[in-house]
Protein chains: 2
Amino acid sequence: MKSLRIGIAGLGVVGSGVLDILVNHLERIERAGANLCVTGISARDQAKDRGVTHGPIDWYADPIELAVCDKIDVFVELIGGPEGVARHAVTAALESGKHVVTANKALLAKHGLELATLAEGAELSLCYEAAVAAGVPVIRSLRSGASACRINKLTAMLNGTCNYILSQMTHAGVSYEDALREAQQLGFAEADPSLDVGGDDAAQKLVILAMIAFDSTVEYGSFPVLGIENLTSNDIAAAGKLGYRIKLVAVAERNDDGYELRVHPALVDKHHSLAKADGADNYLIINADPLGQVSLAGPGAGQGATAAAIVADLIALSRGTGGPVFNTAAENLVTAKMLPSKTRPARFFLRLTLKDVPGAIAGISETLAEHGISIDSLIQPSVMATGDNSTNHDAMVVLATHVTTEAEMIQAANEIRQKPFALGEPSLIRIEDFS
Amino acid sequence: MKSLRIGIAGLGVVGSGVLDILVNHLERIERAGANLCVTGISARDQAKDRGVTHGPIDWYADPIELAVCDKIDVFVELIGGPEGVARHAVTAALESGKHVVTANKALLAKHGLELATLAEGAELSLCYEAAVAAGVPVIRSLRSGASACRINKLTAMLNGTCNYILSQMTHAGVSYEDALREAQQLGFAEADPSLDVGGDDAAQKLVILAMIAFDSTVEYGSFPVLGIENLTSNDIAAAGKLGYRIKLVAVAERNDDGYELRVHPALVDKHHSLAKADGADNYLIINADPLGQVSLAGPGAGQGATAAAIVADLIALSRGTGGPVFNTAAENLVTAKMLPSKTRPARFFLRLTLKDVPGAIAGISETLAEHGISIDSLIQPSVMATGDNSTNHDAMVVLATHVTTEAEMIQAANEIRQKPFALGEPSLIRIEDFS
């Protein structure tokens with residue numbers, strides 16, 4: 001069998017993991033009937049010890065030189081970032097007739113349509129299993145497993161750093177700041193973790209999944225994205241007392257008149273298996289006709305899981321797996337009409353800090369009622385005090401509502417904030433129901 | 001694009017579902033860049049109303065005639081059974097140059113090697129995503145997603161009928177017989193459900209997964225298979241009191257000196273997400289290097305989910321997806337060396353019916369100790385009585401052991417059965433730990 005010649009640009013944690021499989025575990029590749037050979041690599045520092053020998057492989061100081069050279073068939077882009085070198089190198093590789101395998105979600109979320117058009121026009125493959133949920137085969141499951149289906153809804157947890165932080169806050173009782181520091185020490189979070197904790201990383205991944213699922217392009221920035229930075233230990237504890245865990249969810253839903261996408265912290269029933277996926281795990285629930293509901297879970301980050309996904313793409317390439325990049329040909333993708341999630345039915349969690357005065361609860365209940373919002377469950381300060389370490393537990397009220405809209409909730413919360421008995425900012429979090 | 005001409009043999013529930021997608025939802029196929037056209041069908045009764053029009057499609061009374069005719073490129077076998085017409089038709093199709101898509105786990109478990117050799121020798125595809133876990137993309141995830149990995153262990157729940165029965169016994173408190181009747185009425189279980197409840201269906205599926213995972217052939221019948229027919233409501237209730245659910249598990253594990261495969265009812269921690277997969281759901285946990293642990297869950301049976309998997313295979317075929325049938329080329333598959341599971345470390349659940357006499361518990365504890373078995377938790381009759389509907393609850397003892405072996409447990413249980421204080425048969429069930 002003809003060997004597939006591979007050039008790898010970017011030898012960080014993931015790149016070194018890919019090289020390790022391709023150099024030290026060739027028996028796995030060969031048993032799968034593939035013939036893969038790394039013929040060129042490029043990274044910033046040639047001298048750095050990466051724990052894997054690459055001496056005999058040609059070194060390219062410039063990744064674009066590697067991308068266009070005639071010694072490779074596939075360009076593996078592990079540089080990262082939506083613009084700059086990564087974008088130029090991937091474009092150059094496709095323009096010079098190379099297949100591309102990438103883990104770059106930022107690049108695909110922003111320039112996926114342009115790159116898919118380029119790849120499909122030249123009958124080249126653009127593979128990106130590692131870009132979403134690392135080794136959990138979510139791209140494969142959507143692009144291929146569910147290719148005969150109408151996908152109605154995707155409910156996902158797509159950022160391992162956020163999930164690690166929230167798990168630690170929930171189970172180890174540590175503060176947001178301490179959990180973030182731990183995540184950084186363990187290598188989950190970047191030194192600048194704002195893309196993770198701000199929700200943008202999850203949103204980029206959601207854009208990619210939605211493009212496959214909905215035969216549509218989704219503009220990054222066209223839907224609401226909220227991170228976990230403002231969650232407190234009080235929110236986590238109060239949600240727990242109501243029977244929920246807080247998770248950063250990413251949801252994409254097809255409706256009769258358009259699509260709803262959103263990324264935000266949400267309360268999830270603590271008995272649901274998504275609530276139980278802890279640590280750096282990712283999770284995806286696919287709802288489709290006539291498939292039904294399929295769930296996938298596993299490590300959403302890490303050297304091994306991500307490298308395994310990259311090499312799986314390379315093996316698939318060598319087997320000749322084709323098909324449009326986003327399941328639908330790029331020329332047939334239409335722009336997804338976005339629906340405002342503020343006016344769609346949902347339930348909410350509201351945590352309030354109140355002066356301990358008579359009539360406060362009645363006042364809250366009245367304000368909510370004026371907005372047509374009824375209360376599903378409410379825990380008063382005296383109950384909250386049990387086992388709660390917060391300093392102001394004696395003045396806390398938490399409640400879960402019945403179905404209303406975010407618009408009504410925001411108005412009601414604003415009015416409650418201005419009451420004489422209210423202290424500080426109300427904490428308003430959506431409850432994600434699985435019906 | 002050239003159209004892929006399809007012949008479908010077998011128009012039962014699944015076949016009608018496939019026809020429905022290919023006739024009534026062609027837009028889904030086209031958007032995925034595929035061009036599929038059903039040019040021939042075959043089933044027992046041409047006149048039967050299947051809820052989908054197939055008038056203009058050529059009808060073949062003999063499925064083998066369809067398999068070899070020159071009007072099809074792909075033969076979709078939905079006849080079923082390990083021998084007879086299904087086997088002859090698939091063989092004939094491959095011998096006459098047709099790709100094959102099948103949902104026939106019995107055929108693949110028994111003759112997979114022979115058929116893979118035939119297919120690969122002729123450079124044809126043999127696809128079978130629907131044969132295991134219906135629409136849950138387990139074959140795709142193992143054959144492609146984990147193709148660069150060393151798979152260490154598969155822990156699965158592969159029979160929807162058994163899972164439905166056990167779920168109903170657990171949550172609705174119905175008897176085994178009533179739950180089985182319900183499953184038959186809902187169409188999950190066959191009129192003769194022995195393949196399901198006896199564990200053979202799960203064992204056939206496990207053989208297929210193990211062949212992909214371990215580059216090996218596994219002889220059906222070379223590993224222990226135990227069904228759920230002898231489980232009682234008392235077992236379910238007692239397991240629940242110890243914090244477990246009973247599930248029919250199918251496990252395949254790689255060890256240094258061989259492989260262990262087994263299918264049997266097992267206790268699973270009730271907080272584990274496998275324990276929470278109820279109804280007709282299937283579940284697969286893949287443990288692999290360097291991937292880590294990936295879980296997949298979803299409908300393991302049913303018209304829509306199974307038909308979606310068949311059509312996904314057809315779309316993949318039209319895109320030119322290749323690769324060896326079982327991930328490793330048939331000529332390189334070796335026979336898996338089976339390890340006896342009886343002597344491997346495991347924990348166990350033991351339910352005993354005892355005369356309510358002094359010293360009975362001490363006698364049990366002593367016998368277990370003589371076999372080096374220590375008790376992790378034990379519930380005595382008086383505790384069991386709470387909320388238990390059984391007629392002999394006043395004489396029941398249930399316990400969970402620490403790690404021992406099945407061989408020791410069987411000996412100990414036999415000795416306990418012969419004690420003067422023992423009544424009836426002890427119930428011995430393995431505890432499946434996820435460490």
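All chains are named by letter (A, B, ...) in the order of the sequence lines, taking the proteins before the strands, and each is independently numbered beginning at 1. All of these numbers come straight from a predicted model, not from anything done at the bench.
- Looking at B/Arg140 and B/Asp313, a side-chain N of the basic residue comes within less than 4.0 Å of a carboxylate O on the acidic one, giving a salt bridge.
- In this structure, chain A has no heavy atom under 4.5 Å from any part of B/Ala133.
- Residue with the most contacts toward chain A among B/Pro324, B/Ser141, B/Ala308, B/Ser295: B/Ser295 (heavy-atom pairs, distance under 4.5 Å).
- Contact detail for A/Val14 and A/Ala307: the closest heavy-atom pair is O-CB, 4.2 Å.
- Ranked by non-hydrogen atom pairs under 4.5 Å with chain B, the options A/Gly135, A/Cys149, A/Pro137 are led by A/Cys149.
- The part of B/Gln293 that comes within reach of chain A is its backbone (N, CA, C, O), which places non-hydrogen atoms under 4.5 angstrom from that chain.
- Summarising the geometry of B/Ala183 relative to B/Thr161, their closest heavy-atom pair is CB-CG2, 4.3 Å, with the distance given to 0.1 Å.
- For A/Ala297, the parts sitting under 4.5 Å from any heavy atom of chain B are the backbone and the side chain alike.
- Under the 3.5 Å distance criterion, the side-chain polar atoms of B/Thr328 are left unmatched by any main-chain donor or acceptor of B/Asp215.
- Defined by atom type and a distance below 3.5 Å, a donor-acceptor pair is present between the side-chain atoms of A/Tyr283 and A/Ser273.
- Heavy-atom pairs under 4.5 Å with chain B were tallied for A/Pro290, A/Ala146, A/Pro299; the largest tally goes to A/Pro290.
- For chain A, the nearby parts of B/Ala32 are the backbone and the side chain; heavy atoms of each come within less than 4.5 Å.
- The two residues A/Lys205 and A/Leu158 come nearest to each other via the heavy atoms NZ-O, 2.9 Å.
- When heavy atoms are compared at a cutoff of 4.5 Å, A/Ala134 does not approach chain B at all.
- Chosen from B/Leu296, B/Leu333, B/Val311, B/Ile286, the residue pairing most often with chain A at heavy-atom distances under 4.5 Å is B/Leu296.
- Proximity to chain B (any heavy atom under 4.5 Å) is restricted, for A/Ala329, to the backbone atoms N, CA, C and O.
- For chain B, the nearby parts of A/Leu291 are the backbone and the side chain; heavy atoms of each come within less than 4.5 Å.
- For chain B, the option among A/Arg150, A/Arg31, A/His271, A/Glu129 with the highest count of heavy-atom pairs below 4.5 Å is A/Arg31.
- Summarising the geometry of A/Ala277 relative to A/Lys247, their closest heavy-atom pair is O-NZ, 2.9 Å, with the distance given to 0.1 Å.
- Among the candidates A/Asn282, A/Ile139, A/Val294, the residue making the largest number of heavy-atom pairs closer than 4.5 Å to chain B is A/Val294.
- Here the closest non-hydrogen pair linking A/Tyr128 and A/Arg143 is OH-CD, 3.7 Å.
- The closest donor-acceptor contact from the side chain of B/Gln303 to the backbone of B/Val13 lies under 3.5 Å.
- Across every non-hydrogen atom of A/Arg319 and B/Ser147, the tightest pair is NH2-CB, 4.4 Å.
- Residue B/Glu123 qualifies as open at atom CD: its count of foreign heavy atoms under 6.0 Å is 12 or below.
- In this structure, no portion of A/His272 lies under 4.5 Å from any heavy atom of chain B.
- When each of A/Gly298, A/Ala309, A/Ala148 is checked for heavy-atom pairs under 4.5 Å with chain B, A/Ala148 comes out on top.
- Note on B/Asp289, B/Asn332, B/Leu36, B/Ile29: by heavy-atom pairs under 4.5 Å with chain A, the leading option is B/Asp289.
- Neither the backbone nor the side chain of A/Ile151 comes within less than 4.5 Å of any heavy atom in chain B.
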